[in-house]
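Whatever order the structure lists them in is the order used to number ligands and atoms, beginning at 1.
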Amino acid sequence: MLELHKVHSYYGNIQALKGVSLKINEGEIISLIGANGAGKSTTLMSVCGIVSPRSGKISFEGRSIHQLPADQIVTLGISQVPEGRHIFPHLSVRENLDMGAFLRTDKDGIKRDLDYVFSLFPILAERSGQAGGNLSGGEQQMLAMSRALMARPKLLLLDEPSMGLAPLIIQQIFDIIKKINQEQNTTIFLVEQNAYQALQISDRGYVIENGHITLAQDASELMQNPAVQKAYLGI
Ligand code: ATP
């Protein structure tokens with residue numbers, strides 16, 4: 001479904017990705033794990049068109065996307081939930097969700113998806129008239145995920161969904177990620193510091209170090225890998 005081939009991405013003179021290659025098949029949950037500054041967020045931002053790779057190729061469903069603008073990438077079926085959520089704090093919960101469906105015209109489909117996100121996160125239905133900025137951190141994460149789902153993505157990119165949340169909420173968020181994958185057949189590309197929980201719900205995983213992919217294995221194999229255990233799982 002998604003393929004990155006030798007992707008090199010920069011911020012000015014700083015090279016963040018040094019030839020990243022990876023593949024994601026339809027229906028999979030894939031984790032990308034690595035230390036701070038390894039290039040995880042840059043990988044996601046290169047896929048969704050916020051960062052333009054200086055060289056290399058990114059293709060989605062066989063179509064080259066690395067030169068497309070971000071809004072066109074959304075219409076092809078890729079949505080991102082950015083690190084730090086970035087909801088619209090002054091808009092209501094409902095208005096935030098409407099923004100997620102901004103590029104769609106199928107009213108019936110939008111209504112179905114709104115019902116679906118409210119079934120996943122009933123608290124958002126209860127708070128639909130409240131300003132997004134008044135929600136708790138966990139509720140804002142739910143809103144950011146729901147806003148992305150309102151674009152009806154085939155591929156959902158999640159950047160650190162557990163960051164700053166209480167353990168009980170983190171578990172709930174990971175359970176829902178798995179549920180979205182199973183119920184909607186949404187393919188998931190997950191970036192996480194919380195490598196243990198991410199790998200537990202993933203099919204496969206990649207390790208990124210200093211802009212290079214250094215390991216690609218089934219999630220269960222990565223969890224058994226002594227180097228991964230030591231560096232990322234705290235075992
Ligand atoms: P973290 O978990 O801390 O978010 P990460 O693995 O997601 O880390 P990136 O944010 O992709 O890493 O950063 C990769 C490299 O690019 C780092 O060296 C970082 O300092 C640099 N970088 C990231 N964003 C910028 C930016 N806006 N300007 C300059 N350098 C940046």
Atom 26 (C) of ligand 1 protein-contacted (non-hydrogen atom, under 4.0 angstrom): yes
Atom 20 (O) of ligand 1: any protein heavy atom closer than 4.0 Å: no
Residue pair Leu155 / Met1: nearest heavy atoms and the distance that separates them: CB-SD, 4.4 Å
Exercise: do Ser46 and Ser9 side chains pair donor with acceptor under 3.5 Å: yes
Ligand-side contact atoms (ligand 1) for residue partner Glu160, heavy atom cut-off under 4.0 Å: 2 (O)
Arg152 bridged to Asp106 by N-O distance under 4.0 Å: no
Within-shell test, Glu83 vs ligand 1, heavy atom, strictly < 4.0 Å: yes
Side-chain (Ser128) to main-chain (Val93) donor-acceptor, under 3.5 angstrom: no
Salt bridge flag under 4.0 Å for residues Asp108 and Arg112: no
Atom 18 (O) of ligand 1 - nearest protein heavy atom and its distance: Gly37 O, 3.8 Å
Interfacing atoms of ligand 1 (cut-off 4.0 Å, heavy-atom, Thr42): 9 (P), 11 (O), 13 (O), 14 (C)
Close approach, Gly39 and ligand 1, non-hydrogen under 4.0 angstrom: yes
Residue Tyr11 vicinity, atoms of ligand 1 by number, heavy atom under 4.0 Å: 16 (O), 22 (N), 23 (C), 24 (N), 25 (C), 26 (C), 27 (N), 28 (N), 29 (C), 30 (N), 31 (C)
Per-atom contacts, ligand 1 versus Gln193 - under 4.0 Å to a heavy atom: 2 (O)
From Ile213 atom CD1 to Leu32 atom CG, the distance as rounded to the nearest 0.5 Å: 5.5 Å
Enumerated ligand 1 atoms positioned under 4.0 Å from heavy atoms of Ala35: 6 (O)
Side-chain ion pair, Glu83 and Lys40, N-O less than 4.0 Å: no
N or O pair under 3.5 Å between Ile14 and ligand 1: no
Protein heavy atom at shortest distance from atom 10 (O) of ligand 1: Ser41 CB, 3.8 Å
Atom of Lys179, atom of Tyr116 and distance for their closest heavy-atom approach: O-OH, 4.2 Å
Close-contact set for ligand 1 against Ala16 heavy atoms, below 4.0 Å: 14 (C), 15 (C), 16 (O)
NE2/His8: more than 12 non-hydrogen atoms of other groups inside 6.0 Å: yes
